[in-house]
Amino acid sequence: MCQSVCQIFVQSHLQCKLEFIVLNNMHVNSSMSSCRSSRRRKKRMRATDGSKWSFLEHKGPVMAAPYEPLPSNVRFFYDGKQMKLSPEAEEVATFFAKMLDHEYTTKDTFRKNFFKDWRKEMTSEEKSKITDLKKCNFNEMGEYFKVQSEARKAMTKDDKLKIKVENERLLQEYGFCIMDNHKERIANFRIEPPGLFRGRGDHPKMGMLKRRIRPEDIIINCSKGSKQPKPPTGTKWKEVRHDNKVTWLVSWTENIQGAIKYIMLNPSSRIKGEKDWQKYETARNLKKCVERLRNQYREDWKSKEMRIRQRAVALYFIDKLALRAGNEKEEGESADTVGCCSLRVEHINLYPEKDGQDFVVEFDFLGKDSIRYYNKVPVEKRVFKNLQLFMENKQPEDDLFDRLNTSILNKHLQELMDGLTAKVFRTYNASITLQQQLKELTSRKSSTKILSYNRANRAVAILCNHQRAQPKTFEKSMQNLQTKIDAKKDQLSDAKRDVKSAKADLKVRRDERFKKAVETKKKAVERLEEQLMKLEVQATDREENKQIALGTSKLNYLDPRISVAWCKKWGIPIEKIYNKTQREKFAWAIDMAEDDYEF
DNA sequence: TTGAGCACTTAGTAACGCCGCG
DNA sequence: CGCGGCGTTACTAAGTGCTCAA
């Protein structure tokens, strides 16, 4: 690495976290009441011209491993007859073979897309012979990969260590870059290997071939004065550019959607941390004016103009239910999912009265990642009447908000508050909910503190509809836990009996030895009670959590300073809340928040 | 006004690897 | 020492939102 840089970046890494700057164009509130440490330090202005860095040096990406042809004893059969495939066709076939026991390979769309793309890689002879996927037998190939992965698991400690060391070497060499005097961790320094595209939900492109990325597809971004990454011998990068208005180091265009993929920095980096901080400051700004905005949209429900009413009702949903904005999507390019602005008539049902509540709206649609959103909510009468109006004379597949899209909505929001967009409401409502719930749920009883935190976290996850598949092992592991609890209960009652008999002994003979015995037995009971309590807390927590993912909100929606302050206030070590990675990502917050921090 | 392109955040899942237990 | 369970990490898809040009 560049020498001059090395000299500079020996400065402590912490320094970089403390250099958090209020950007000129950021419009954040600068009255950071509980950010003592940041106030104490001199703030240096960061560039206002939109540049993100002035020096950037890195080693470029790690390319995907080249294809290794199968040993000749692993055969492919077509229509019952063995057939040797060309390396190109064979590679694509292995992608399919590796997924053989996955449900994907039974899906029609998947098979159709795969077969179409596979044929493109075949020689003309192969193409003329292989015309029906059903006649293809990949079993030996699939078996081979299973054996391989078994072998990998059964490797000796030594061999495993070798791999570990090699990975570590790769990480050290390619996993870091230098940006403005600091050595920073890169998030994803490997080029995505080729394979079969697996979309989420009912994706029209599932099974398509994700092609191998060559150096000629790759754009490198670094600073002019830096040592440029070298392409593999005999190859060239597509381009080397020096654009400091962006944060990425490497990019390429992916062939399925034609989207650009990037290599960027780790969340622990200055550039990501600052952005994260900025995000929460914007959400805090919303807190200051949210009542005004709410009054505004309630007024707008009465507007003469349809577009205003639609805008106001959509905003109400975004605010109340933390729905996503809902950009338009090109039909047939991806799974049919929606957000607020793209809701269709078929996604809601109106009930003037349901389950004893008036004006109930029932939502049922697929959101991001095709996760189902199902919710029944009572709404204000005006909202209900508006929805009826919006749905008049429409087909189920028509847009609910036909006079609205995210760009119109966001333009409006921008006028109401600087930096305000639809997604800020999700951040705001998530964070304020955590803060409120922590206040409500945290009691003085010490052993349930973490449970309280998780419950508050869970309230947010439910609000944001962050779901996960119930772990396959859930039922079993729950049973195991119950067994443990039962065993602990038995132990406890035994221990209690012991205490009693020890006391009885003591009564008979007042002896120092017996007195001691009673004490130790009592201690044992206490210890067991504590252990039992712990197990029961764990069981409750796990049960309540089975289909809810806490990680997403923790990582992306909850102002970490709320959690840091909570830990300080209750004397909980931060490690109980954030693991190592999370502590690195939130280092800025851990450093700045005091116990009295208010979101 | 629309649409494409681009940059960046948010998301669930699969694979990994560590730790306690028998 | 192997094994199972579980937290962590890697991976990459799928969103949001901005800009620019026709």
Side-chain angles (χ1 to χ4, degrees), chain A residues 50 52 99 102 149 152-154 157 160-161 163-164 167 171 175 187-193 195 197-201 203 205-206 210 219 221 243 245-248 251 253-254 256-267 271-272 275-276 278-279 318 324-330 333-335 337-342 366-371 405-411 413-414 419-427 430 461 464-469 471-474 476-481 484 538 542 547-557 578-582 584:
Chain A
K52 308 276 170 64
M99 304 172 82
H102 200 291
S149 87
R152 221 172 312 126
K153 271 182 221 155
K157 251 202 178 126
K160 279 186 182 166
L161 188 68
I163 293 176
K164 205 176 163 182
N167 278 335
L171 173 68
N188 55 322
F189 55 90
R190 287 167 204 274
I191 295 291
E192 294 173 17
F197 175 77
R198 311 148 78 127
R200 315 242 167 101
H203 198 117
K205 298 192 172 184
M206 63 168 83
K210 199 168 105 162
I219 303 173
N221 193 33
D243 182 358
K245 303 279 194 291
V246 297
T247 66
W248 53 267
S251 78
T253 302
E254 152 269 343
I256 305 284
Q257 324 268 0
I260 306 170
K261 299 269 191 165
Y262 302 95
I263 291 182
M264 291 185 190
L265 297 193
N266 201 61
I271 209 157
K272 294 287 183 189
K275 200 78 190 297
D276 209 33
Q278 190 182 133
K279 174 179 79 185
I318 286 170
R324 296 191 183 81
N327 282 313
E328 297 106 300
K329 304 170 69 181
E330 219 176 317
E333 290 297 297
S334 60
T337 62
V338 297
C340 185
C341 293
S342 50
L366 297 181
K368 183 178 180 178
D369 294 316
S370 294
I371 297 292
N405 61 39
T406 54
S407 136
I408 294 171
L409 179 63
N410 282 335
K411 232 169 244 156
L413 292 175
Q414 185 57 233
L420 187 62
T421 62
K423 82 197 268 281
V424 177
F425 281 87
R426 251 168 102 80
T427 312
C464 294
N465 202 225
H466 290 142
Q467 300 188 26
R468 60 167 182 172
K472 285 185 186 68
T473 54
F474 180 81
K476 204 169 67 171
S477 83
M478 212 57 196
Q479 264 171 21
N480 289 159
L481 197 55
K484 270 192 194 168
Q538 206 187 339
R542 199 182 295 176
Q547 280 165 331
I548 297 164
L550 300 186
T552 305
S553 51
K554 205 178 198 176
L555 236 45
N556 300 301
Y557 289 103
Y578 292 137
N579 67 28
K580 186 163 144 294
T581 319
Q582 296 169 154
E584 281 165 12

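Protein chains get the first letters and strands the later ones, always in sequence-line order, with residue 1 at the start of each.
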*May I ask you to decide whether A:K261 forms a salt bridge with A:E192, counting only side-chain N to carboxylate O separations under 4.0 Å?*
yes

*In terms of the nearest nucleotide of DNA chain C, which residue is placed more toward the 5' end: A:V424 or A:T581?*
A:T581

*Take the protein atom CD of A:E254 and the nucleotide atom P of C:dA13, then report the distance between them rounded to whole Å.*
6 Å

*Please check if any side-chain donor atom of A:T406 sits under 3.5 Å from a side-chain acceptor atom of A:N327, or the reverse.*
yes

*Touch class at under 4.0 angstrom, heavy-atom based, for A:G326 against every strand present*: sugar-phosphate

*Give A:A422 one of three labels, base, sugar-phosphate or nothing, depending on what nucleic acid heavy atoms sit under 4.0 Å from its own.*
sugar-phosphate

*asked:* Less than 4.0 angstrom between a side-chain N/O of A:K411 and OP1 or OP2 of C:dG17, yes or no?
replied: no

*So what does A:T247 touch, heavy atoms closer than 4.0 Å: a base, only the sugar-phosphate, or nothing?*
sugar-phosphate

*asked:* Just the rounded figure in Å: distance from P of C:dG17 to NZ of A:K329.
replied: 15 Å

_Whether A:K153 contacts C:dC3 is assessed here as follows: a side-chain N or O lying under 4.0 Å from the phosphate OP1 or OP2. Is that the case?_
no

_Distance, rounded to the nearest Å, where A:I263 contributes CD1 and C:dC11 contributes P_ = 11 Å

_Heavy-atom donor-acceptor pair, A:D276 side chain to A:K272 backbone, under 3.5 Å_ = no

*Do the non-hydrogen side-chain atoms of A:V246 and A:N221 ever get within less than 4.5 Å of each other?*
yes

*A:N405 side chain vs A:S407 backbone, donor-acceptor pair below 3.5 Å*: yes

_What's A:P267 touching, base or sugar-phosphate or nothing? Going by heavy atoms closer than 4.0 Å._
nothing

*Can you check the A:F425 CZ to C:dT16 P distance for me, whole Å?*
15 Å

_So A:R200 and A:K368, do their side chains get closer than 4.5 Å, heavy atoms only?_
no

*Base, sugar-phosphate alone, or nothing: which one does A:G367 contact when heavy atoms must sit under 4.0 Å apart?*
sugar-phosphate

*Is the shortest side-chain N/O distance from A:S370 to OP1 or OP2 of C:dA14 below 4.0 Å?*
no

_Between C1' of B:dT10 and NZ of A:K554, the distance in whole Å_ = 17 Å

*Any side-chain N or O of A:K52 less than 4.0 Å from the OP1 or OP2 oxygen of B:dC8?*
yes

*According to a strict under-4.0 Å criterion, is A:T337 in side-chain N/O contact with OP1 or OP2 of C:dG15?*
yes

*Could you give the CD-to-C1' distance, from A:E330 to C:dG15, as a whole number of Å?*
16 Å

*Look at the side chain of A:K272 and decide which nucleotide, out of C:dA13, B:dC8, B:dT9, has an atom nearest to it.*
B:dT9

*With respect to the phosphate group of C:dG17, does any side-chain polar atom (N or O) of A:N410 fall under 4.0 Å of OP1 or OP2?*
yes

*Could you give the OH-to-P distance, from A:Y578 to C:dG7, as a whole number of Å?*
18 Å

*May I ask you to decide if A:A259's main-chain N or O and A:Q257's side chain share a donor-acceptor pair within less than 3.5 Å?*
no

*Of A:T253 and A:L555, whose closest DNA chain B nucleotide lies nearer the 5' terminus?*
A:T253

*Spell out protein contact along nucleotides 11-18 of chain B as letters: B when the base is contacted, S when just the sugar-phosphate is, - when no protein heavy atom is under 4.0 Å; keep the 5' to 3' order.*
SBS----S

*A:K210 near the nucleic acid: base, sugar-phosphate alone, or nothing, with a heavy-atom cut-off under 4.0 Å?*
sugar-phosphate

*Ion pair check, A:E584 and A:K580, cut-off under 4.0 Å*: yes

*How many Å lie between NZ on A:K261 and C1' on C:dA13, as a whole number?*
6 Å

*Return no unless some side-chain N or O of A:K423 is found under 4.0 Å from OP1 or OP2 of B:dT10.*
yes

*Geometric class of the A:Y262/A:W248 ring pair [parallel <30°, tilted 30-60°, perpendicular >60°]*: tilted

_By nearest atom, which of the nucleotides C:dT9, B:dC6, C:dA13 is closest to the A:I260 side chain?_
B:dC6

*Which part of the nucleic acid, if any, lies within reach of A:N327 when heavy atoms closer than 4.0 Å are counted: base, sugar-phosphate only, or nothing?*
base

_Between A:T421 and A:N188, which residue's closest nucleotide on DNA chain C lies nearer the 5′ terminus?_
A:N188

